[in-house]
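Here's the structure we're looking at; comments come further down.
Bear in mind that the values here come from a model prediction, so they are computed numbers and not experimental data.
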Amino acid sequence: AHGTGRELLPGNTLEGALNAVAVGADIIELDVHLTLDNIVVLRHDSSIDTTTNGSGYIADMTLAELQVFDVGFYESDYPDKKSVSGIRITPLEALFKALPDKRFLIELKPDDVETGVQLCRLVLSYGLQKQVLVGSFYSSVLQNFREVCPQVPTSLGEGEARMLVLLSWIGLGHLYKSPGYSVQLPFEYYGISLISKPLIKVTKDLNLSLDVWTINDPQKMLKLIELGVDGIITDRPDILQAIDI
């Protein structure tokens, strides 16, 4: 469930995650930032302007200051969707308490070290190191996280994933030394299809899980299932769950 199923309920929220599980999501994908008082919270953007009735940057506000605002849908993506009042910015700890048996794909959004330090502390304190996979677009952020938190597995950063794909294209994917346990890739990149049987074979040979984002079209979902990818990241887990394989 991409962003806790962000097309069904406001994304990166406890309410969204609970709903995603209810409609059949196996794994909750979410993004995190760090508040001024060092609380890891669910949030895609560094500011709250885009989906709340407030304004400001998460890094400059405490959790208490953030939670006075309502969270809604991205107006640019869903101009016609209206959220109910009372949905607040969610601390990650609340999600761990509510869904202790679920699996999570957590993306570190800031380009810093401290967010990863606090995320590691929280994951280990709840004993979820076998249920959490940590990702980031920044390979440097993941390298830092691997050093401070070797107990928690990571996926590949953007630069690391690019190298994997390039090597697979020239038939040298078997030479790739993966620093992570999985890779998340888009269905296509600048009009070029990335997901193919040769790439899937390479990831399986390397014992890497391959997940594809962000797929909301049922025909693409079915194609990826037939190709044999390990996971499909979607805003609509209800559609994916309903596909008759």
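- Residues I232 and I106 do not share a hydrophobic cluster, clusters being chains of Ile/Leu/Val/Met/Phe/Trp/Tyr side chains in contact below 4.5 Å.
- Connection of L194 to I225 is established within a shared hydrophobic cluster, with ILVMFWY side chains joined at heavy-atom distances below 4.5 Å, either directly or through further cluster members.
- Side-chain contact between M163 and L167: present, with at least one pair of heavy atoms (C-beta onward) separated by less than 4.5 Å.
- T234 places a side-chain N or O within 3.5 Å of a backbone atom of I215 that can act as its donor or acceptor partner.
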Start with the C-alpha distance between L95 and F104, add both sets of side-chain angles, then the distance that settles side chain to side chain contact (heavy atoms under 4.5 Å, CB included), and finish with yes or no. CA-CA 10 Å; L95 202 61; F104 305 94; 3.8 Å; yes
M61 and I48: CA distance, side-chain angles, deciding distance, side chain to side chain contact (heavy atoms under 4.5 Å, CB included) verdict: CA-CA 10 Å; M61 305 173 75; I48 64 171; 4.2 Å; yes
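- Under 4.0 Å is where a charged nitrogen must lie from a carboxylate oxygen, and between R43 and D31 no such pair does.
- In terms of heavy atoms, S168 sits closest to L199 at OG-CD1, 3.6 Å.
- Of all non-hydrogen atoms in G16 and L9, the two that sit nearest each other are CA-CB, 4.0 Å.
- You'll find the side chain of L185 stays beyond 4.5 Å of the side chain of V212, heavy atoms only.
- At least one side-chain heavy atom of Q129 sits under 4.5 Å from a side-chain heavy atom of V152.
- By the rule that hydrophobic residues join a cluster once side-chain heavy atoms approach within less than 4.5 Å of another member, V41 and V32 end up as members of separate clusters.
- Proximity of I89 to F69: side-chain heavy atoms (C-beta onward) are nowhere separated by under 4.5 Å.
- From D70, atom CG reaches atom OG1 of T51 across 10.5 Å, with rounding to the nearest 0.5 Å.
- Taking CG from L206 and CG from L175, the interatomic distance works out to 9.5 Å, rounded to the nearest 0.5 Å.
- In this structure, Y176 and E160 approach most closely via the heavy-atom pair OH-O, 3.0 Å.
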Side chain to side chain contact (heavy atoms under 4.5 Å, CB included) between V183 and L210, worked out: CA-CA 5 Å; V183 58; L210 172 61; 3.7 Å; yes
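- Criterion: ILVMFWY side-chain heavy atoms under 4.5 Å apart, direct or through other members. Under it, Y74 and V84 are not part of a common hydrophobic cluster.
- Clustering ILVMFWY residues whenever any of their side-chain heavy atoms sit less than 4.5 angstrom apart, transitively, puts V141 in the very cluster that holds V134.
- Side-chain contact between L164 and L208: present, with at least one pair of heavy atoms (C-beta onward) separated by less than 4.5 Å.
- The CG atom of L66 sits 11.5 Å away from atom CZ of R88, with the distance rounded to the nearest 0.5 Å.
- By the 4.5 Å heavy-atom criterion applied to side chains, T35 and T62 are not counted as neighbours.
- For CD of E75, the number of neighbouring non-hydrogen atoms (other residues, nucleotides, ligands) closer than 6.0 Å is 12 at most.
- With no hydrogens or angles considered, a side-chain donor-acceptor pair links E93 and Y126 at under 3.5 Å.
- Of the N and O atoms on the side chains of Q143 and R146, not one donor lies less than 3.5 Å from an acceptor on the other residue.
- Summarising the local packing, NZ of K81 is surrounded by more than 12 heavy atoms from other residues, nucleotides or ligands at distances under 6.0 Å.
- In this structure, the separation between CG on D111 and CZ on F137 is 13.0 Å, given to the nearest 0.5 Å.
- If you take CD1 on I200 and CG on L227, they are separated by 4.5 Å, rounding to the nearest 0.5 Å.
- Considering every non-hydrogen atom in both P237 and V23, the closest pair reads CG-CG2, 3.8 Å.
- Just one of T90, L92, L105, T13 meets the side chain to side chain contact (heavy atoms under 4.5 Å, CB included) condition when paired with L30; it is L92.
- Under the 4.5 angstrom side-chain criterion for Ile, Leu, Val, Met, Phe, Trp and Tyr, the cluster partners of Y78 are F73.
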Begin with the C-alpha distance, continue with both residues' side-chain angles, and end with the deciding distance and a verdict on side chain to side chain contact (heavy atoms under 4.5 Å, CB included) for V132 and F96. CA-CA 10 Å; V132 167; F96 286 170; 4.3 Å; yes
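- Taking a 4.5 Å side-chain heavy-atom cut-off between Ile, Leu, Val, Met, Phe, Trp and Tyr, the cluster of V148 extends to V113, V117.
- The shortest side-chain heavy-atom distance between Q184 and L133 falls under the 4.5 Å cut-off.
- Contact of the H2 side chain with the W213 side chain is not registered, since no non-hydrogen atoms from C-beta on lie closer than 4.5 Å.
- Residues L156 and G180 come closest through the heavy atom pair CD2-N, 3.7 Å.
- A distance-only check finds a donor-acceptor pair linking the side chain of H33 to the backbone of H44 [under 3.5 Å].
- The backbone N or O of K102 lies less than 3.5 Å from a partner atom in the side chain of Q131, making a donor-acceptor pair.
- The pair D230-K204 meets the salt-bridge criterion, since a charged nitrogen lies less than 4.0 angstrom from a carboxylate oxygen.
- A pairwise comparison of heavy atoms in S83 and G72 identifies CB-CA, 3.8 Å as the closest pair.
- Of the possible donor and acceptor atoms, none in the side chain of N38 sits under 3.5 Å from a partner among the backbone N and O of L34.
- Under 3.5 Å, the side chains of T4 and N12 contain no donor-acceptor pair of N or O atoms.
- Among pairs with a residue in residues 118-226, those fulfilling disulfide (SG to SG under 2.5 Å) read C120-C149, at least two apart in sequence or across chains.
- Distance CD/E15 to CD1/I87: 4.5 Å, rounded to 0.5 Å.
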